[in-house]
Amino acid sequence: MNMYDVVVIGSGPGGYVAAIRAAQLGLKTACIEKSPTLGGTCLNVGCIPSKALLHSSEFYWQVKKEGAEQGFKIQGLQLDFLQMMARKEKTVQGFTKGIEGLFKKNKIDWIQGHGKLKGPHQIEVGGQVVEAKNIILATGSEPISLPFLPFDEKKVLSSTGALALTSVPKKLLIVGAGIIGVELGSVYQRLGSEVVFIEFLDRICPGFDLSLSKGLQKSLTAQGMVFHLSHKVVKADLSQGIDLTVQSGNEETHFTGDAVLVAVGRRPYSGNLGLETAGIQKDSKGFIPIDGMFRTSQPHIYAIGDLVEGPMLAHKASEEGVAVAELIAGHRPSIDYIAIPNVAYTHPEAAAVGLTEEEVKARGIPYKVSQFPFKANSRARCVGDEEGFVKILAEANSRRLLGIHILGPHASELIAEPVLAMQLKATADQLADTCYAHPTLSETIKEAALGLFKAPIHI
Ligand SMILES: Cc1cc2nc3c(=O)[nH]c(=O)nc-3n(C[C@H](O)[C@H](O)[C@H](O)COP(=O)(O)OP(=O)(O)OC[C@H]3O[C@@H](n4cnc5c(N)ncnc54)[C@H](O)[C@@H]3O)c2cc1C
């Protein structure tokens, strides 16, 4: 029987990172993965393929939309959708093979198969039993389906199906206007689909500050996407095409389309893990409860990533992966959850860290807020990408930063500095007094920070 210091179940950004860090710290490590490739949701059917398609589709859309204004004419521009998909696939393969390489480099055993706890220290995989002093559960999450819209990945799509289509649907209905919905909606709208969202809530992307959600909805609407908020899908007829029955107040309407993407959220993948054999409970939503050190009710069995409460984000899972490996090795890591960014890779991008204005108000924190628009930023004007703003919230007395919210070009990259500032518990003055290269988009952060307790220069 093999005996490991650490066995990780699941090789997503939580699991594979935990395995690498554990091995770096000298622990004999194995990672059990049931899929034929490593990398989990993020690398195979999540972050990476979606960002590859977002990039290609934006490239195509920008050339079509802006080429003439930028000073070049392209005749006969044609979409080669299958090539776009092949490029996405190649990108994904590069990454999943890369993780295999990292496993080899760090002498991590990849055990292929479905892992199931057999006892407090035993895991069964494909007929063999692996023994471990410490076990890390990192089995991630799966898309939630609606009972009357089971996924067939042809007409009724989960995000996984939407990343693997063979043609662009003429009309794509999207149930759920969260980040995954608006990202995939952006891809297909740019490629020519008519995209219609049906959203139960009265806003899109509810995790963001309301100003970001509203600004993003305005931009996406201007691009041609249609949003029906406060609408609930209650029935579906799939006999010919798609016919959704949708309720709003007392009214019932029908929405038809060629395909429907159900993007109503994800749930932890905690079934068939043998939790009962090890005496571990799940909560009512399927999450595995843990303490502040990622320990389940069994102190040597840990859980991280999408499997536990918190934002379902790859970088959150990875931070937890590093932290849990270091804990097992006897270190004392800590994660500052307030400094975990959240991004929508739409156009414009939305990115945020810290508290939203609604959260600040709800907590009764005295605060100041400042907003600076990209249209007053020289770099944004040079590149012709002026939509959006930077919004900063700071505590009124201590001037400590509470939250930074960006809607605009390259927001996903710009947010890195505010994340560091939040992590270092910086004040608004420290951001405002920092020198930023000119002309850069990042000068909007300085200007917004100046607007809190001094005054911005360029508006
Ligand atoms: C379309 C889409 C786009 C996304 N974009 C982003 C983004 O841009 N940025 C971001 O931060 N997040 C994004 N996410 C979310 C991100 O993918 C997840 O938060 C992240 O992958 C969670 O990591 P994890 O390690 O917890 O689990 P996962 O990545 O889900 O990995 C879990 C792994 O465990 C394996 N597994 C499960 N059960 C077993 C078992 N019993 N035995 C063996 N193996 C098992 C699974 O096969 C899987 O490989 C996106 C998700 C989707 C769907």
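Note that these values count all heavy atoms, side chains included, but never hydrogens, waters or copies made by symmetry. What you are looking at is a predicted structure, and each value in this text was computed from that prediction instead of being measured. Atoms within each ligand, like the ligands themselves, are counted from 1 in listed order.
Side-chain atoms of T256 and D243 form no donor-acceptor pair, as typed in the model, at a separation below 3.5 Å. Side-chain polar atoms of N134 and Y4 form no donor-acceptor pair below 3.5 angstrom.
The local environment of NZ in K118 is sparse, with at most 12 non-hydrogen atoms from other residues, nucleotides or ligands closer than 6.0 Å.
Scanning for ring-ring contact (aromatic ring centres under 6.0 Å, His included) contacts around F197 gives F227, with sequence neighbours left out. E142 is linked by a salt bridge (Lys or Arg N to Asp or Glu O under 4.0 Å) to R267, counting only residues two or more places apart in sequence or in another chain.
The immediate protein surroundings of ligand 1, defined as residues with any heavy atom under 4.0 Å of it, consist of I9, G10, S11, G12, P13, G14, G15, I32, E33, K34, S35, G40, T41, C42, V45, G46, C47, S50, K51, G113, H114, G115, A138, T139, G140, S141, S159, I180, R266, Y269, L273, G305, D306, M312, L313, A314, H315, A317, Y345.
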Using atom types as modelled, flag every donor-acceptor pair under 3.5 Å from a side chain in residues 300-315 to any protein atom, sequence neighbours excluded.
{"unit_1": "H300", "atom_1": "NE2", "unit_2": "P120", "atom_2": "O", "d": "2.6"}
{"unit_1": "D306", "atom_1": "OD2", "unit_2": "S141", "atom_2": "OG", "d": "2.7"}
{"unit_1": "H315", "atom_1": "NE2", "unit_2": "P341", "atom_2": "O", "d": "2.7"}

